[in-house]
Amino acid sequence: MPLKDIASRQLDGFFRREPELANMREAVYEAAEAICRVYRSGGKVLVCGNGGSAADAEHIVGELMKGFRYKRPIHDPALEAALTERFGEEGALMLKSLQGALPAISLVSQSALISAFGNDVDGSLAYAQQVYGYGRRGDMLIAISTSGNSANVVAAARMAAAMGLSTVGFTGSDGGLLRGIVDILLAAPEQETYLVQQYHMGLYHALCLAVECEMFDQAKE
């Protein structure tokens with residue numbers, strides 16, 4: 001399904017500001033549409049990476065799970081009634097402060113699981129184990145690796161592909177092994193890690209904003 005005008009305008013603005021990424025336009029639009037399909041079908045997004053890319057994974061989840069540019073007030077009369085019935089005015093007030101969420105899980109946050117799996121089994125498969133445990137057909141994995149070759153991220157992408165999850169890879173210009181695994185590759189036009197990561201931040205901010213505009217009717221300019 002094509003993006004709504006407001007979501008498309010966000011991506012158009014991004015590419016006006018970043019003309020050197022013009023050749024990524026089709027892939028970025030495809031990624032935004034794919035993420036929205038996941039959410040429309042009731043799915044969730046899993047995200048993983050290492051080092052600075054692990055921080056990016058956390059950052060993406062933060063932008064999806066709460067308001068990014070917009071506040072996303074919750075309009076759910078049934079939930080409001082249930083909270084009021086059980087908890088009175090405090091329950092009703094709580095809902096007024098919460099925000100609409102786009103379900104997302106950062107695989108890098110599971111420190112006890114990652115360390116246990118690394119100690120007991122194989123650290124390079126810790127993210128794949130989480131994809132196996134959390135992932136369901138209709139979900140998405142966003143795999144971030146500046147080289148495209150990080151063993152644990154590649155293993156997670158392979159597991160996601162085998163399980164029928166949709167996959168998006170954020171890499172440097174080469175794409176590495178992820179190029180042959182993911183459905184959509186967002187390959188920044190650099191190879192040096194910090195330069196790739198600079199592009200990645202702009203790209204995922206643009207995607208998160210477009211998805212927010214698409215999924216929440218109250219996200220108006």
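Everything numeric here is computed off the predicted structure, so don't read it as measured data. Residue numbers count from 1 along this sequence.
In this structure, the side chain of Glu80 does not engage the main chain of Leu95 through any donor-acceptor pair within 3.5 Å. Judged by distance alone, the side chain of Tyr39 and the main-chain N or O of Pro103 form a donor-acceptor pair under 3.5 Å. Between the Glu214 side chain and the Cys36 main chain, no donor and acceptor come within less than 3.5 Å of each other. A donor-acceptor contact shorter than 3.5 Å is absent between the side chain of Gln10 and the backbone of Cys213. Listed for the Gln191 side chain is a donor-acceptor partner under 3.5 Å among the backbone atoms of Ser173. In this structure, Arg136 contributes its side chain and Gly43 its backbone to no donor-acceptor pair below 3.5 Å.
The shortest side-chain heavy-atom distance between Asp174 and Ser147 does not fall under the 4.5 Å cut-off. Residues Lys44 and Leu64 fail the side-chain proximity criterion, which asks for heavy atoms closer than 4.5 Å. Between Gln99 and Tyr70 the shortest side-chain heavy-atom distance does not fall below 4.5 Å. For the pair Tyr127 and Leu46, the minimum side-chain heavy-atom distance is 4.5 Å or more. Looking at Met140 and Arg37, their side chains never come closer than 4.5 Å, going by heavy atoms from C-beta outward.
Across Arg179 and Ala187, no two heavy atoms sit closer than the pair NH2-CB, 4.3 Å. Ser124 and Asp122 get closest at one heavy-atom pair: OG-OD1, 2.7 Å. Minimum interatomic distance between Ala57 and Gly49 (heavy atoms only, all atoms of both residues): CB-N, 4.4 Å. In terms of heavy atoms, Asn152 sits closest to Gly123 at CB-O, 4.3 Å. When all heavy atoms of Pro19 and Arg16 are compared, the closest pair comes out as CD-O, 3.7 Å.
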Can you give the donor-acceptor pairs under 3.5 Å from side chains of residues 153-168 to other protein atoms, not counting sequence neighbours?
{"residue": "Ser166", "atom": "OG", "partner": "Asp139", "partner atom": "O", "Å": "3.3"}
{"residue": "Thr167", "atom": "OG1", "partner": "Asp183", "partner atom": "N", "Å": "2.8"}
{"residue": "Thr167", "atom": "OG1", "partner": "Asp183", "partner atom": "OD2", "Å": "3.2"}

Using residues 25-34 as the side-chain source, report each donor-acceptor pair under 3.5 Å to any protein atom, sequence neighbours left out, with the distance given to one decimal.
{"residue": "Arg25", "atom": "NH2", "partner": "Asp12", "partner atom": "OD1", "Å": "2.5"}
{"residue": "Tyr29", "atom": "OH", "partner": "Ser8", "partner atom": "O", "Å": "3.2"}
{"residue": "Tyr29", "atom": "OH", "partner": "Asp12", "partner atom": "OD1", "Å": "2.3"}

Check residues 193-203 and write down every donor-acceptor pair under 3.5 Å in which the side-chain atom is one partner and the other belongs to a residue at least two apart or another chain.
{"residue": "His200", "atom": "NE2", "partner": "Thr171", "partner atom": "N", "Å": "3.3"}
{"residue": "His200", "atom": "NE2", "partner": "Thr171", "partner atom": "O", "Å": "2.9"}

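Separating the SG atom in Cys48 from the CG atom in Asp56 is a distance of 12.0 Å, to the nearest 0.5 Å. With rounding to the nearest 0.5 angstrom, the OG atom of Ser150 is 7.5 Å from the CG atom of Leu178. In this structure, CD in Gln130 is found 5.0 Å from CD in Gln110, a value given to the nearest 0.5 Å. For the atom pair CE (Met65) and SG (Cys208), the distance works out to 12.5 Å, reported to the nearest 0.5 Å. Rounding to the nearest 0.5 Å gives a distance of 5.0 Å between CZ of Phe170 and CG of Leu207. Here Leu11 contributes atom CG and Leu3 contributes atom CG; the two are 6.5 Å apart, rounded to the nearest 0.5 Å.
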Starting from the C-alpha separation in whole Å, work towards a yes-or-no answer on side chain to side chain contact (heavy atoms under 4.5 Å, CB included) for Arg72 and Glu212. CA-CA 9 Å; Arg72 308 183 192 173; Glu212 180 176 63; 2.8 Å; yes
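There is no path of hydrophobic side-chain contacts, each under 4.5 Å, that joins Phe15 to Leu185. Follow the hydrophobic side-chain contacts under 4.5 Å out from Ile142 and you never reach Leu107; the two are in separate clusters. If you chain together hydrophobic residues whose side chains sit under 4.5 Å apart, Phe117 and Tyr132 never meet in one group. Clustering ILVMFWY residues whenever any of their side-chain heavy atoms sit less than 4.5 angstrom apart, transitively, puts Ile105 in a cluster other than the one holding Val38. One hydrophobic cluster, built from ILVMFWY side chains closer than 4.5 Å, holds both Leu98 and Leu79.
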